[in-house]
Number of protein chains: 2
Amino acid sequence: MINEIEKYRALGDLTRFRIARILLKAGKELCVCEIEDILKIHQYNASKHLNLLKRSGLVEERKEGRLRMYKIKDNNKFNQYLIKSIISLESQSDNGLKNDFMNLKKRLTLRKDNKVVVTR
Amino acid sequence: MINEIEKYRALGDLTRFRIARILLKAGKELCVCEIEDILKIHQYNASKHLNLLKRSGLVEERKEGRLRMYKIKDNNKFNQYLIKSIISLESQSDNGLKNDFMNLKKRLTLRKDNKVVVTR
DNA sequence: ATCATATATGCCAATATAGGCATATGAAAT
DNA sequence: ATTTCATATGCCTATATTGGCATATATGAT
């Protein structure tokens, strides 16, 4: 249960919330460099926040070559409710986060054959 | 949306999570002194954490005489999912929080006619 | 008006957190 | 083996957070 509290805490930071939000919206794994680019954050911050999200159990990581692919974990009830809570906010446009989804879409079109193309 | 992130943050602290959990389990308003007693925490901490929970929009307050009655707000989808996430953890007994529910039950039996009896 | 009591709040110290920066790691390519 | 590149990590500083304590506020009782 203490572990689950870490998940609330993980989402209680704007940057991590934005990461979770685009991972969810993407509906697929994203690599660190894509996340950096979409959210316009520094590499080291993307990496650090992803690490915390991973440790909390909200996100999982897979190595693919030199990339690390991250995605949301939805394999348990608790995470599923948190996911629903995030999705329930999508309709709210009263925020400065509208660009994240646009950038996500744009970035995903850069992929070739659904494979990440690294462009820094 | 930024406001909703405060709700995650609010639940991302063990003491506040425990408060939310017993408010939910109680299914009714509790006053500060009851919460102190149930969770065995100091008055000023109960008060401070309740204030943060209130500001986040997860909890609402009502004055009744010199008591302040607090309860969970479940009037919106986002809160409802958070509530479900909390409830989904109830089955987990692998935590040190089992006493909270016992103390809640015990404390509520002290009420007369469902009215708070202050006993410090 | 005064007192008692439930709750809130301001201040302090210890600790945690986030971002910035430099550097390390580790896998792929040459 | 060396280089390149994606990502991670250690260190630093500024800021935020938490609990403790003392005290203020506000309501009800006398």
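All chains are named by letter (A, B, ...) in the order of the sequence lines, taking the proteins before the strands, and each is independently numbered beginning at 1.
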Whole-Å distance between [N] [atom2] and [X] [atom1]?
X: A:Arg62; N: D:dA8; atom1: CZ; atom2: P; answer: 14 Å
X: B:Glu36; N: D:dG20; atom1: CD; atom2: P; answer: 13 Å
X: B:Arg16; N: D:dA16; atom1: CZ; atom2: C1'; answer: 12 Å
X: A:Ile41; N: C:dC21; atom1: CD1; atom2: C1'; answer: 16 Å
X: A:Glu64; N: D:dA6; atom1: CD; atom2: P; answer: 14 Å
X: A:Lys54; N: D:dA8; atom1: NZ; atom2: C1'; answer: 10 Å
X: B:Asn51; N: D:dG19; atom1: CG; atom2: P; answer: 14 Å
X: B:Asp13; N: C:dT17; atom1: CG; atom2: P; answer: 11 Å

Original post:
Within 45° of the ring axis of B:Phe101 and under 6.0 Å from its six-membered ring centre, is that where the NZ or CZ of B:Lys25 lies?
Top reply: yes
Original post:
If you check the A:Ser47 side chain, which of C:dA18, D:dT9, D:dT18 turns out closest?
Top reply: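 Nearest to the side chain of A:Ser47 among the choices is D:dT9.
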**OP:** For the side chain of A:His42, starting at C-beta, report the closest nucleotide among C:dA18, D:dA6, C:dG20.
**Re:** C:dG20
Answer yes or no: does a side-chain N or O of [X] lie under 4.0 Å from OP1 or OP2 of [N]?
X: A:Arg66; N: C:dT25; result: no
X: B:Asn45; N: D:dG20; result: yes
X: A:Tyr70; N: D:dA8; result: yes
X: B:Arg68; N: C:dA8; result: yes
X: A:His49; N: C:dG19; result: yes

Original post:
With a 4.0 Å cut-off on heavy atoms, is B:Glu61 in touch with a base, just the backbone sugar-phosphate, or nothing at all?
Top reply: sugar-phosphate
Subject >> Residue mapping more 5' on DNA chain D - nearest nucleotide basis, B:Arg9 or B:Lys48 >> reply: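 It is B:Arg9 whose nearest nucleotide is closer to the 5' end.
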Original post:
When you match A:Tyr44 and A:Leu67 each to their closest nucleotide on DNA chain D, which lands nearer the 5' end?
Top reply: A:Leu67
**OP:** Determine whether more than 12 heavy atoms belonging to other residues, nucleotides or ligands lie under 6.0 Å from atom NZ of B:Lys40.
**Re:**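 Yes - once you tally the heavy atoms of other residues, nucleotides and ligands closer than 6.0 Å, there are more than 12.
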**OP:** Identify whether the distance between the nearest side-chain nitrogen and carboxylate oxygen of A:Lys77 and A:Glu4 falls below 4.0 Å.
**Re:** no
Original post:
Can a salt bridge be assigned to the pair A:Glu60 and A:Lys73 using a cut-off of 4.0 Å between side-chain N and carboxylate O?
Top reply: no
**OP:** Verify whether one side chain among A:Asn114 and A:Lys28 offers a donor that lies under 3.5 Å from an acceptor in the other.
**Re:**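 The criterion, which ignores hydrogens and geometry beyond distance, is satisfied for A:Lys28 and A:Asn114.
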Original post:
Any donor-acceptor pair under 3.5 Å joining the side chain of B:Gln43 to the base of C:dA6?
Top reply: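 No.
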**OP:** Go through the N and O atoms of the side chain of A:Lys63 and the base of C:dG26, and report whether any donor-acceptor pair is under 3.5 Å.
**Re:**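 Not at all, since no donor on one side and acceptor on the other fall under 3.5 Å apart.
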